[in-house]
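One structure is given here, and the rest of the page talks about it.
It should be emphasised that the depicted structure is a prediction, and the values quoted were computed from it without experimental measurement.
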Amino acid sequence: MFGFLYQLLDLIYKKRCYCCKSTKENVSLCSKCYKSIKHLPYCSLEIINGVKVYSATVYKSNIQKIIRGLKYHKQRGLAFYQAKIMYEYWQNLEISKQKFVIVPIPISKKRLKERHYNHMSLVAKEFSKLTGYEINESLIIRVKDTKPQYKLNKTERAKNLKGAFESVKENFKPEILDSNFLIFDDILTTGSTISEITKLFQKNNCKNLTAFTTSCSEHNFHINNI
């Protein structure tokens, strides 16, 4: 009885692809839109504070819609697709054979109250299911609610993020210091966020750091691939 009702509801309230609005596949992201997202070269995009940074895609078109939908429009179901895009890129890297502890970039208490979730925590959980990596969100906290970064230039971004994060020193226990940490974010632009986070890890004697973002700005990609 309930199975029939669920099937009926699925027929009546079909899911729309968030990008193209098609209901043909009854999913949040259809196969056509998913396949339109192309990977970047399988190598580090840049190095920040001695840490290699990888980005799976360029922040445009459908990946931009997915990131914004999850981040600002409560489209939680898109976390799975964002993680899958990252995973399929990650599997092509030699570094993926290592075990990592994922550290999603934290958001402020104010943003968490407004959104009811940290978008990168949701992506990290889906990525963890695919890789088997652990997640640790107890090491770094955000103590300052900063202005939206997209409105700022490189100098303003660095100033905006200065002092925005703190490390929870008591959680940097000796047994975890040698772990491979994977700093997890959605967009790489100037690298200011990753710079602040890596400095905190390095101050706590963590040396095995890698950063991985879903995407990077077109400007960032072209500058680093001239």
Side-chain angles (χ1 to χ4, degrees), residues 10 13-46 52-93 95-96 102 104-105 107 111 114-131 133 135 148-152 157 182-194 210-226:
D10 279 343
Y13 300 106
K14 278 190 173 183
K15 289 181 181 177
R16 290 181 178 274
C17 171
Y18 188 73
C19 293
C20 72
K21 309 307 178 187
S22 170
T23 59
K24 287 182 180 180
E25 296 179 42
N26 196 23
V27 291
S28 299
L29 183 67
C30 72
S31 55
K32 182 180 179 181
C33 289
Y34 184 86
K35 289 175 182 176
S36 73
I37 300 166
K38 305 301 180 185
H39 287 164
L40 288 176
Y42 301 114
C43 58
S44 59
L45 187 63
E46 63 177 283
K52 288 185 178 180
V53 184
Y54 297 85
S55 291
T57 65
V58 172
Y59 184 65
K60 63 179 182 179
S61 305
N62 284 336
I63 193 63
Q64 183 180 46
K65 291 178 183 177
I66 291 167
I67 290 172
R68 291 185 64 81
L70 173 61
K71 193 171 184 176
Y72 300 117
H73 304 300
K74 304 188 184 301
Q75 298 295 316
R76 297 190 191 202
L78 295 176
F80 166 76
Y81 296 99
Q82 191 171 330
K84 188 179 177 185
I85 290 161
M86 295 179 77
Y87 173 73
E88 290 180 353
Y89 173 89
W90 185 251
Q91 286 298 99
N92 286 280
L93 302 176
I95 196 174
S96 69
I102 307 169
I105 299 295
I107 62 175
R111 295 274 172 85
E114 291 171 352
R115 296 179 191 167
H116 305 293
Y117 60 88
N118 176 354
H119 58 291
M120 287 314 297
S121 292
L122 297 184
V123 178
K125 287 172 185 174
E126 295 295 341
F127 192 78
S128 173
K129 292 175 187 176
L130 295 168
T131 58
Y133 297 166
I135 301 171
Q149 290 283 86
Y150 65 85
K151 296 180 179 180
L152 308 175
R157 284 170 185 255
L182 186 61
I183 298 165
F184 221 59
D185 205 3
D186 53 1
I187 311 166
L188 173 70
T189 47
T190 63
S192 298
T193 301
I194 289 172
T210 302
F212 186 27
T213 67
T214 312
S215 64
C216 70
S217 68
E218 290 191 84
H219 173 75
N220 184 288
F221 174 67
H222 290 309
I223 287 294
N224 287 283
N225 286 274
I226 293 175

Q: Specify the closest pair of heavy atoms between S217 and V58, including all atoms of both residues, with the distance to one decimal.
A: C-CG1, 4.4 Å

(Q) When you compare the side chains of S55 and T213, does any donor N or O come within less than 3.5 Å of an acceptor on the partner? (A) yes

**Q.** Which atom of I67 lies closest to which atom of S215, heavy atoms considered
**A.** CD1-OG, 3.5 Å

Q: Kindly write out the residues that satisfy salt bridge (charged side-chain N to carboxylate O under 4.0 Å, His left out) with K129, not counting sequence neighbours, or none if the list is empty.
A: E126

**Q.** Heavy-atom pair with the smallest gap, counting every atom of K74 and R115
**A.** NZ-O, 3.8 Å

Q. Can you find a heavy atom in the side chain of K15 that is under 4.5 Å from one in the side chain of V27?
A. no

**Q.** Over all atoms of both residues, closest heavy-atom pair of C33 and C17
**A.** SG-SG, 3.7 Å

Q. Is the number of heavy atoms from other residues, nucleotides or ligands within 6.0 Å of NZ (K35) greater than 12?
A. no

**Q.** Heavy atoms from other residues, nucleotides or ligands near NZ of K24 exceed 12 (cutoff 6.0 Å)
**A.** no

Q) If you measure only the distance, is there a donor-acceptor pair under 3.5 Å linking the side chains of Y34 and E25? A) no

Q.
Tell me whether the rings of Y133 and W90 are parallel (<30°), tilted (30 to 60°) or perpendicular (>60°).
A. perpendicular

(Q) K65: which residues meet the salt bridge (charged side-chain N to carboxylate O under 4.0 Å, His left out) condition with it, sequence neighbours left out? (A) none

Q: List the atom of L29, the atom of C19, and the distance in Å for their closest heavy-atom pair.
A: CD1-SG, 3.6 Å

